[in-house]
**Q** 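Provided herewith is a single structure, encoded as structure tokens, for subsequent inquiry.
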Amino acid sequence: MSSKSENTLRSTFLEALPSAERDHIFTLTGELSVFLMAWSKKYPTLMRTRRVPQVSLTMAVSAPFLSARELLPTASLFMWLFAVDDLCDEAPPGEQAASDAPLWTRIEQAVSVFREPDTVSPGGEEPLRQSLRDIRDGLAHFPLFASLRAPLESSLRDFLRGTRHETAWSARYRQSPHGPLPSLEDYLEKGACYTSGTLPIYLGVLTSINEDAILPRLPHFMGLGHEAAISIRLANDLRSYEKELAEGKLNSLVLFQRELMAQHGMDSTRALARARAEVRTHLVDAMERCMQSGTEEASAGSRATQAIVNAAAFACDFYAHHDFHPPVVPKLTPSAST
């Protein structure tokens with residue numbers, strides 16, 4: 001009974017859209033899901049197909065002006081980032097922490113396909129690398145790929161660095177729960193900003209959009225992406241606090257709670273309540289910076305801006321009700337859509 005209600009999509013963002021736009025998004029979600037499911041099944045040891053509906057819906061909401069085939073390479077990248085996150089979460093602790101661990105070597109070698117000359121894929125290539133080669137080849141069909149290839153690789157390497165920071169911080173936290181932790185600024189700017197995967201996914205969408213203004217204004221667009229990434233990650237932290245606490249993973253709420261207990265003498269319960277409020281404030285501030293910079297441009301027809309504004313608004317709303325891990329039916333409840 002409860003699982004049915006929890007697994008049925010709730011979205012204030014979608015409720016606010018005209019019915020025709022909402023119907024288009026759901027149709028696009030279904031079309032993209034077919035393509036993405038077929039691709040994901042090529043890599044059964046990596047891709048968790050239960051995520052296909054949520055990933056497809058998120059991509060359709062973010063860029064409803066693109067077709068399912070245009071969205072497929074970036075949706076596949078979304079699945080690849082989830083696969084890396086799963087591998088890091090489930091690797092043995094020693095392998096997670098070691099700088100020369102086989103897991104990290106495999107991931108680094110996979111990302112290198114974005115800087116190497118195009119070559120014929122060798123038989124039996126490692127799945128992480130082969131799947132990312134598929135993604136690269138899909139993006140290479142778009143005119144902007146030649147110019148955005150290097151930023152895409154850089155954003156993927158930032159994702160890996162952020163993941164390694166978070167992995168190391170969480171390992172230290174498990175070993176010494178009362179030991180020193182990173183500052184909130186370090187957590188956000190060295191880890192959390194990148195580990196949401198927002199920036200490489202946004203660059204994938206930008207690659208698929210044929211707008212002349214994208215390249216000269218790329219720093220501006222990436223600034224919007226940075227604010228969106230912060231807000232999305234904080235929304236995720238609020239949703240996943242209990243789960244990550246049980247797993248011994250670091251979270252912004254833990255950092256705030258520890259700071260309040262140490263500096264203001266609060267007990268743990270009161271400090272956690274205050275930490276939730278502080279994280280929500282930081283989330284809202286980042287969202288407002290993104291929206292203030294982007295809403296006017298999106299209204300004026302900038303698809304590049306519309307994509308990141310849509311992504312941030314939808315994802316933060318999604319995390320208020322759901323998580324990306326359990327499957328969610330990508331259709332609004334009757335009561336929400338009326």
Side-chain angles (χ1 to χ4, degrees), residues 24-25 27-40 42-43 46-49 51-85 110-111 113-114 128-160 194-211 214-215 218 221-222 224-226 228-229 232 302-315 318 324 330:
H24 169 71
I25 286 170
T27 298
L28 182 57
T29 297
E31 294 170 352
L32 178 56
S33 291
V34 172
F35 295 141
L36 187 58
M37 183 67 75
W39 180 82
S40 298
K42 290 173 56 181
Y43 302 101
L46 283 181
M47 307 299 165
R48 299 188 178 176
T49 55
R51 292 198 176 107
V52 165
Q54 291 100 301
V55 167
S56 299
L57 176 62
T58 302
M59 296 306 306
V61 168
S62 301
F65 44 80
L66 295 176
S67 69
R69 290 194 179 277
E70 289 171 326
L71 286 171
L72 179 60
T74 306
S76 302
L77 178 59
F78 205 153
M79 293 290 290
W80 189 91
L81 293 169
F82 266 129
V84 170
D85 189 58
V111 172
V113 302
F114 271 87
L128 270 171
R129 184 177 170 89
Q130 180 61 57
S131 55
L132 198 57
R133 184 188 295 275
D134 286 353
I135 293 163
R136 183 205 67 183
D137 291 347
L139 291 170
H141 291 292
F142 299 109
L144 291 184
F145 178 73
S147 298
L148 294 179
R149 178 176 184 151
L152 259 167
E153 183 199 353
S154 179
S155 71
L156 286 170
R157 295 199 180 280
D158 286 340
F159 168 78
L160 298 187
Y194 302 111
T195 54
S196 68
T198 301
L199 296 175
I201 292 166
Y202 184 35
L203 279 162
V205 173
L206 293 183
T207 302
S208 307
I209 301 172
N210 189 23
E211 281 190 359
I214 288 176
L215 296 181
L218 187 61
F221 293 131
M222 296 310 292
L224 290 179
H226 177 274
I232 290 169
S302 171
R303 291 182 167 187
T305 304
Q306 182 185 344
I308 199 62
V309 169
N310 286 353
F314 174 73
F318 182 90
F324 264 95

**Q** Can you tell me how far CG of Leu32 sits from CD1 of Ile25, rounded to the nearest 0.5 angstrom?
**A**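 The distance works out to 12.5 Å.
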**Q** So, using side-chain hydrogen bond (donor to acceptor under 3.5 Å, both in side chains) as the criterion, who are the partners of Thr198 when residues are at least two apart?
**A** Ser196
**Q** Looking only at atom types and distance, does a side-chain atom of Arg136 sit under 3.5 Å from a main-chain N or O of Val113, one as donor and one as acceptor?
**A** yes
**Q** Holding to side-chain hydrogen bond (donor to acceptor under 3.5 Å, both in side chains), I want the full list of residues that pass it with Asn310, two or more places apart in sequence or in another chain.
**A** none
**Q** Looking at every heavy atom in both Ser40 and Thr49, which two are closest together, and how far apart are they?
**A** CB-CG2, 4.0 Å
**Q** Please list, chain by chain and in numerical order, all residues satisfying side chain to side chain contact (heavy atoms under 4.5 Å, CB included) with Pro200, sequence neighbours excluded.
**A** Leu77, Leu81, Ser155, Leu156
**Q** Are Phe65 and Ile209 packed together at the side-chain level, in the sense that at least one heavy-atom pair is separated by less than 4.5 angstrom?
**A** yes
**Q** Residues two or more places apart in sequence or in another chain: which of them pass side chain to side chain contact (heavy atoms under 4.5 Å, CB included) with Glu153?
**A**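 Scan of Glu153 (side chain to side chain contact (heavy atoms under 4.5 Å, CB included), adjacent residues dropped) gives Val111, Phe114, Arg115, Arg157.
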**Q** Could you check Leu203, Ile135, Ile201, Thr207 and say which one makes a side-chain contact (heavy atoms from CB on, under 4.5 Å) with Thr74?
**A**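 The option that passes is Ile201.
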**Q** Could you list the residues that satisfy ring pair (Phe, Tyr, Trp, His ring centres under 6.0 Å) with Phe145, not counting sequence neighbours?
**A** none
**Q** Please check: side-chain N/O of Ser76 versus main-chain N/O of Leu72, any donor-acceptor pairing under 3.5 Å?
**A**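 Pair found, side chain donor or acceptor close to backbone of Leu72.
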**Q** Which pair of non-hydrogen atoms, one from Leu139 and one from Ser208, has the smallest distance, and what is that distance?
**A** CD2-OG, 4.3 Å
**Q** Which pairs count as side chain to side chain donor-acceptor pair (under 3.5 Å) when at least one residue sits in residues 59-69, sequence neighbours excluded?
**A**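 Residue pairs with at least one partner in residues 59-69: Ser67-Glu70.
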**Q** In Å, rounded to the nearest 0.5 Å, how long is the span from CG of Leu71 to OG1 of Thr58?
**A**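 If I round to the nearest 0.5 Å, the distance is 11.0 Å.
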**Q** Is the shortest heavy-atom distance from the side chain of Phe142 to the side chain of Asn210 under 4.5 Å?
**A**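 Sidechains of Asn210 and Phe142: no contact.
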**Q** Please report the interatomic distance CE(Met59) to CG(Leu28), rounded to the nearest 0.5 Å.
**A** 9.5 Å
**Q** Taking side chain to side chain contact (heavy atoms under 4.5 Å, CB included) as the test, write out the residues that go with Leu144, two or more places apart.
**A** Leu148, Ile214, Leu215
**Q** Using the side chain to side chain contact (heavy atoms under 4.5 Å, CB included) criterion, which residues pair with Ala83? Sequence neighbours excluded.
**A**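 Once residues adjacent in sequence are excluded, the partners of Ala83 under the side chain to side chain contact (heavy atoms under 4.5 Å, CB included) criterion are Leu46, Met47.
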**Q** Within a strict 4.5 Å, meaning less than it, do heavy atoms of the Val84 and Phe159 side chains meet?
**A** yes
**Q** Give the ring-plane orientation class for Phe82 versus Phe78, where under 30° counts as parallel, over 60° as perpendicular and anything between as tilted.
**A**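 Aromatic pair Phe82/Phe78 classed parallel.
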**Q** Which residues pass the side-chain hydrogen bond (donor to acceptor under 3.5 Å, both in side chains) test with Ser56, not counting sequence neighbours?
**A** Ser33
**Q** Can you tell me how far the CG atom of Leu128 sits from the OH atom of Tyr43, to the nearest 0.5 Å?
**A** 10.5 Å
**Q** Of the non-hydrogen atoms in Val52 and Met79, which two are nearest, and what is the gap between them?
**A** CG2-CE, 3.9 Å
**Q** Which distance, rounded to the nearest 0.5 Å, do you find between the CG of Asp85 and the OG1 of Thr195?
**A** 8.0 Å
**Q** Sequence neighbours left out, what passes side-chain hydrogen bond (donor to acceptor under 3.5 Å, both in side chains) with Asp158? Give chain and number order.
**A** Arg161
**Q** Testing the basics here: between Trp80 and Ser131, what is the closest heavy-atom pair and its distance to 0.1 Å?
**A**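 Distance-wise, the nearest heavy atoms are CD1-OG, 3.2 Å.
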**Q** Of all heavy-atom pairs between Val205 and Ala63, which one has the smallest distance, and what is that distance?
**A** CG1-CB, 4.1 Å
